[in-house]
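Right, one structure below, let's go through it.
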Amino acid sequence: MFKPVSSKTDFAQMEEGVLAFWREHGTFKKSIENRSDAAEFVFYDGPPFATGLPHYGHLLAGTIKDIVPRYQAMRGHRVERRFGWDCHGLPIEALAQEALGLAGAPAIKEAGVDVFNEQCRSMVTTYVEEWEKTVTRMGRWVDFQNDYKTMDKDFMETIWWVFSELWKQGRIYKAHRIMPYSWKLNTPLSNFEAGRNYQDVQDPAVTVRVKLNNFEFDNAFALLWTTTPWTLPSNLAICAGPDIDYIAVRDKKSDDIFLLAESRLGTYYKEEGQYEPLKKFKGIELDGLTYEPLFDFFKDNPNSFRLLLDPFVTTEDGTGIVHLAPAYGEDDYRICMDASIGFVDPLDADCKFTAQVPDWAGQFCKDADKAIIQRLKDEGKLIHQSTIQHSYPFCERTDTPLIYRAIDAWYVRVEDLREEMLANNAQVHWMPEYVGDKRFANWLAEARDWNISRNRFWGSCIPLWINVDNPDDRICFSSVAELEKFSGRKINDLHKHTLDEVTFVKDGHLYRRTPEVLDCWFESGSMPYAQQHYPFENKAHFEANFPAHFIAEGLDQTRGWFYTLMVLSTALFKKPAFRNVVVNGLVLAEDGHKMSKRLKNYPDPLHVIHEYGADALRLYMINSPVVKAESLRFSEKGVKHALRHLLIPLWNSYSFFVTYANIDTWTPEGSKPGQSSNLLDRWIESSLANLCQEVTAAMDNYDLQRAVRPFVTFIEDLTNWYIRRSRRRFWKSDDDFDKQQAYATLYHVLIELCKIAAPFIPFIAEEIYRNLRTDNMPESVHLCDFPTAADARRDPKLEQQMRIVMDVVVMGRQLRKDHDVKVRQPLRRLDVVSRDSELLNQVDELKEIIAEELNVHQVVFGDDESGLATLSAKANFKTLGPKFGKKVQLINMAIQKFSAQDLQRAASGGELVLKTGGETFELTANDIIVERIPKEGLAVQAQGALVVAIDLELDEALLREGLARELIKEVQQLRKANGLEVTDRIHLKIAADEAVNQAAVAFDDYIKAEVLALSIETIATEGETVDLNGHPCTIAVEKA
RNA sequence: GGGCGUGUAGCUCAGUUGGUUAGAGCGCGUCCCUGAUAAGGACGAGGUCCCAGGUUCGAUUCCUGGCACGCCCA
C-alpha cells in the first residue's frame, strides 16, 4: 500500500515536511558523501552582503545555484557547496555608523577605529539567521556550517598572499585618484556616496585669458572658462578638442587677438561688428602652442603651460578651450599625467591654501574665489564674469560642497593583462553567450588599472609597511607568520585597528602600515583561494580543482565579481577562474519598475512561498527569460500559473495512480517497466525518453529555461492524453494483464519523471518519490542517478503515429463543432486519408483511440483522397530557393498551373520534370507542397497531407445510442448530486417516451455498467425531469 | 556620451540557421466534460512581428539609421 494521497494538498505544508525529512536524514550531506570517490564538480558561491533580507534577485540566483549542482550531483559528481558572506565594506560601515551615531571619518577616528570595527564585526551576523532560513526554505542545498566569511583570519591571510603575489609581479603601484572629498570631514568619499546629495547652487563663472607665446599672431590670448576660479592658481595646461573648429578674432574694443571655438563666438559678442575674424583653425593645428602662466606660483613646474589636445573637450559651454588643474579634475589629471606634467595640490586637509600659494594661504579655497577674481580683474586678465546655477554634489553628513581632488591610491596594473584576460575569457562558456562575447569581452578589452585602496576602516588591510623616513622603502607581507617575525608580536586579528598598532624597526628605521584598506571586490575576487586558505592549506586539492566548473550571478556582476575573479586568476594562475557561468537578469516589480520597499510594489517573498510553495516560485523564475540575463517583471500570477499548469497536474497524476493502485492493492515488486505491449504505454515511455534527452542536452549547455520547457509538453501529454486515454484501463474490475501493464508503466513514468524533475522542483519530486519508492531504492530522489538519455528507449515512429492521431482528433472535433453534432452523439464512420496511411494501418490500436475519442463506430485509413478533396500545389520555396534562386517565382507560377495529372503525381511522391520559360527543371516531391481543399458539401477537414471526413448521417440505431449516452450522463450527474460514492451500486427508474424507453432497453447492459446500476425499470416515478435530445425524461436514482 | 540588451496578440512570453498561412499561456466569448484535477478540454475573436531605408527571387528574421525601454559605464 502507498500512503493515501489527497488530490487537494497544501503544497507549502508538504514542502515543510520534505524539509524536515532532509534535516532529519542529513540528505544534503549524504548527497555529497555518497559521491566521495567521484570526480568533483566545483562550484563557487559569490558572497552577498548580508546587510538586509534576501530579495528576489537573491532567490533567483540561489535557485540557479541549486539546480545546477543538484543536477551535476545526480549525474555522478561530488558537488560541495559552501555559502559565503561578504562582511566588509561600506554597506556594513554605514549600518555601524548609524548604530553608533557617528557622522563621517573624523567621528569614527575620534570614537576609536577599534570601537567602530568591533561594532561592524558584531553587526555582520545580524541577518545571517534570516538568510539561512529563507535560503533553506527555497530548497537550496548549501552548507551554512562550513561557510566562509571574508572577515575570517584565514580568509584575510590569503588576501595578503594574493596581494603579495601581485606585488612580486610589480603590479602594485601608488598613484592618485580624483575623488570627491569632504573638507569638513577631512576624508574622501566614494562616488556612490557623493551621488546621494546633489543641491542646486550658484557658482561664479569666469572667462579669463592666457597669453599665447608662439602663435602666428602677436598679442594673442586663449580664452578659458571655469566655474572654479580657485583652481586657477593650480593651472598647469590648457586643452583643445582636436576636431573642434577654432577661430582667431581681433577684438575691436581692446585690439587684442582672442582664440576660441568658432561656435562659441555668439556668447561673447552680441554683434558681429564687435570683432574682426582673422583665421580659422582645426583644434589639431593648435598643437604645440605654449602660454604664459596666469600666476607665478608654479611657473617652474616642468613640461607645463602648453596647449594639449583631447576629445573630451566640448563646445556646450565655455570657450572650447579648457583650463586644466590636474589635482582637481579627472580629465585634467589624466591628460596632464599623459603629458608628463604631474600635478600640484596647494590645499591642506581642510582645503585651505597652503604656503605654496602665499597670497591666499590659510583661506578656504572656495572663499578665495572672490579675491582671485579681483586679482585677475586688476591684472586685466578677466574677460567676462557671471554666475551659474547648477546642481553640485554635497557631503550628505555635513551638507557642505564636496571638492574633487587627487587622493593617494594604490593600483593594480591591469592594462597589460588585457590580451591574456580575453584569451582566458574565450575559454569560458557563458549563458547567454553574448554577455561573455560582447559585454564582458568589450569591458576586458578596455580594462583600466584597478584602484584597490579605500580610505575606510572595516576591511582587509593592505599588507604594506612603509619606512617613515623613506616612503619608497616598503615591505610587503605575504603571511601573518612573516609579520610576526618582523614585529615580534603575536597577531590574532588582521583588521585595521589591530594592524595599525603593529610597527617595527628595521636597520634603524621605523615602519608603519599604509593606512588604506582594500576594496572589497579584491576580497570577493580572491574567494577561490581565500575560502580554502590557499596556499597555507589545501594546496594540492585547490590546484587540482581550479578553475571552478560553475558560477552564477546577476548581470550587474559583469564589472564586479566576474571581472575581479578574471583579473586575479589571470594574474596569479594564467587561467580563468570559472569554466561555465549563468548570468541572470534583474527581477523587476510587476509594473516594470525596480522593486522598492518604500512603494511596496511587490509581494513579500515569504508570502509567495507560503501561498504557493517554493517549487512553484522556482519553476516560475526558471521558466522565464530572466535566466538569460533579461529582466523579469515579477508577477504573483505567474507563480500561481506555474502551480496550476505544472505542479497540480503532476500531483494529480500521482494522486490518481496512488488511489487506484491502493484500490487494487497493486505493488511495484516484480513489475517490469518499459516492456508493455500497449501502444499508449510504449508511447508515454518514448515521450519520457525524449524528455530526458531534451533536459539533459539543455542542462549540459547550462540553458535552464530550455531545460524546463519540455516538462510543460510532457506533463500535458501525460495528463491530457496518456492518463485520460488510459483511465478505463485502471477501472476495470478484473485484474488482467493490460491493467498490470498500465500500473507498471504509470509507476515507472512517475518515478523517472521525479528524477528528471528533482533538480528543478526538489520538494514535490521528493514527496512523490518517497511514497512510490521500494526499499531497494535510495531513500531520497536526490540520491538517485539522473536517468540516462538513451536513444534506445525512443520510438520515433510511434511518436509520429501518435502525433497524427492527435491531429486527426483535433480535426474530427472541429468537424463535429462545424456541423453542430456533439461528441456524445455516436456517428458511423470516420475516414482518414493520408500519404502516411500505411504508417497508420500498421496499428489497429490507433483506430481504437480515434474511435473512442471522437465517438465513431468505425475508423478507416485510406489513401484515396479523390472523392473528398481537390488538390492544389505551390512551390516549396525553402528547398527550391537554394537550388534555383531567382527562378523560383517562375517555377511557382508553373506549379500553380499544374494539371490534375501532375498534381496526382506530386501528391503520390513522384518526381516531375517541369518545362517553363524555355528551361527544364527537375523537381522532387519535396519541392512541391500539395494542399487539399475539402470538396463542397462534405464534412471534410484537411491539413497538410491529412484529410479527415466524417459521416454525419444518423439512423435509428445511432439516435438510440445517442439517447442512451445522454441518459448515462444525466444519471451520473444525479449520482454526484445525491452524494453517492464512485463505487456505490444503484437502482434506476426512468419515466420517458417510447424513444428513450427503447434506447434504455437496447443498451441495458451498457447503461448498467456505466452507471453501476443493478436494475433499470421504465415506470412512472418521482424524480428529476431532464431533457434528452428533446425527449423529456424523469429519472430516479436509489442507492442499492 | 559609450558598451550591451530588449521591442512579436489586451497582458506575460515562445519562435525565426531568411521561405510566402507567426505560436503558447492568461484574459475575453461560445460550448463540452466532470468516476484524477485549488479543475480539465474544445472551438473562436484578437497581430502593419517598433519605424524607415538597404541586401535578396523572398525580410518579422540579416545590414544601416532612427525611436522607446532597461542594465552597466562615463
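Quantities reported herein were computed from a predicted structural model and do not represent experimental measurements. In what follows, chains carry the letters A, B, and so on, assigned in the order in which the sequence lines appear, proteins first and then strands, with residues in each chain numbered from 1.
Between the side chains of A/Y743 and A/D664, a donor-acceptor pair is found at a separation under 3.5 Å. Between A/E636 and A/Y612, the side chains place a donor N or O and an acceptor N or O closer than 3.5 Å (distance only, hydrogens not considered).
For the pair A/N978 CG and B/U34 C1', the interatomic distance rounds to 16 Å; values are reported in whole Å. When rounded to the nearest whole Å, the span between CZ of A/F440 and P of B/C72 equals 16 Å. If you measure from atom CZ of A/R706 to atom C1' of B/A14, you get 10 Å, rounded to the nearest angstrom. In this entry the distance linking CZ of A/F562 with P of B/C73 reads 14 Å, nearest Å. In this entry the distance linking CZ of A/R965 with P of B/U34 reads 10 Å, nearest Å. Between A/L646 atom CG and B/A24 atom C1' there is a gap of 13 Å when expressed in whole angstrom units. Remark: C1' of B/G58 and NZ of A/K878 are 14 Å apart, rounded to the nearest angstrom. One can place NZ of A/K640 at 15 Å from C1' of B/G25, the figure rounded to the nearest angstrom.
Using N1 to N3 plus N6-O4 or O6-N4 for Watson-Crick, or N1-O2 and O6-N3 for G-U wobble, each under 3.5 Å, B/G23 pairs with B/C13. The base-pairing partner of B/C43, taking Watson-Crick or G-U wobble contacts with both distances under 3.5 Å, is B/G29. The partner of B/C62 is B/G54, by the rule that a Watson-Crick or G-U pair needs both atom distances under 3.5 Å. Across all strands shown, the partner of B/G70 is B/C4, judged by Watson-Crick or G-U wobble contacts whose two distances both fall under 3.5 Å. As the counterpart of B/U48, no nucleotide is assigned, since no Watson-Crick or G-U wobble pattern has both distances under 3.5 Å.
Taking atom P in both B/G66 and B/A74, one finds a spacing of 24 Å when rounded to whole Å. Separation of the C1' atoms belonging to B/C31 and B/G18 is 41 Å when rounded to the nearest angstrom. Spacing of C1' atoms, B/U34 relative to B/C49, comes out at 40 Å, to the nearest Å. With both ends at atom C1', the span from B/C50 to B/G70 equals 16 Å, rounded to whole Å. Taking the P atoms as reference points, B/A59 lies 15 Å from B/A22, given to the whole Å. Rounded to the nearest Å, the gap between the P atom of B/A68 and that of B/G29 is 37 Å. Spacing of P atoms, B/U30 relative to B/G35, comes out at 24 Å, to the nearest Å. Spacing between B/U21 and B/C4 at atom C1', rounded to whole Å, works out to 36 Å.
At a threshold of 4.5 Å between non-hydrogen side-chain atoms, the residues A/L617 and A/I609 count as touching. Counting only heavy atoms from C-beta outward, the side chains of A/I622 and A/Q705 never approach each other to under 4.5 Å. A heavy-atom distance below 4.5 Å is found between the side chains of A/E852 and A/R725. At a threshold of 4.5 Å between non-hydrogen side-chain atoms, the residues A/P603 and A/Y56 count as touching.
Among the heavy atoms of the strands lying under 4.0 Å from A/V888 is at least one base atom, whether or not backbone atoms are also near. Among the protein residues, A/R709 comes within range of the sugar-phosphate backbone only, with heavy atoms under 4.0 Å from sugar or phosphate atoms but none that close to a base. A/P625 comes within 4.0 angstrom of sugar-phosphate atoms only, judged by non-hydrogen atoms across all strands, and of no base. Within 4.0 Å (heavy atoms only), A/L586 reaches sugar-phosphate atoms of the nucleic acid but no base atom. Here A/S624 lies out of heavy-atom contact (under 4.0 Å) with every strand. Using a 4.0 Å heavy-atom criterion, one finds that A/F730 contacts no nucleic acid atom at all. Using a 4.0 Å heavy-atom distance criterion, A/S655 is classed as a sugar-phosphate-only contact. Residue contacts shown for A/E611 are absent, as no nucleic acid heavy atom lies under 4.0 Å away.
Considering only the side chain of A/H641, B/G25 comes nearest among B/G25, B/U34, B/A36.
Between A/R729 and A/D681, at least one side-chain N (NZ, or NE/NH1/NH2) sits under 4.0 Å from a carboxylate O, which counts as a salt bridge. A salt bridge is absent between A/D984 and A/R975: the closest approach of a Lys/Arg side-chain nitrogen to an acidic carboxylate oxygen does not fall below 4.0 angstrom. Under the 4.0 Å criterion applied to side-chain N and carboxylate O atoms, A/E853 and A/R813 are assigned as salt-bridge partners.
The 5' end of RNA chain B is approached more closely, in terms of each residue's nearest nucleotide, by A/E966 than by the other of A/E966 and A/P649. When each of A/L1012 and A/A875 is assigned the nucleotide of RNA chain B bearing its nearest heavy atom, the one mapping closer to the 5' terminus is A/A875.
The side-chain hydrogen bond (donor to acceptor under 3.5 Å, both in side chains) check on A/W443 picks up nothing, with sequence neighbours excluded.
Judged by distance alone, with hydrogens and angles left aside, the side-chain atoms of A/N771 form a donor-acceptor pair with the main-chain N or O of A/K3 at under 3.5 Å.
Taking the six-membered ring where tryptophan is involved, the planes of A/F562 and A/F440 are perpendicular, since the angle between them exceeds 60° and thus also 30°.
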Any N/O pairs under 3.5 Å between the protein and nucleotides 41-47 of chain B? List them or say none.
residue: B/G41; atom: OP1; partner: A/N720; partner atom: ND2; Å: 2.8

Contact state string [nucleotides 3-11 of chain B, B base, S sugar-phosphate only, - no protein heavy atom under 4.0 Å]: BBSS-----
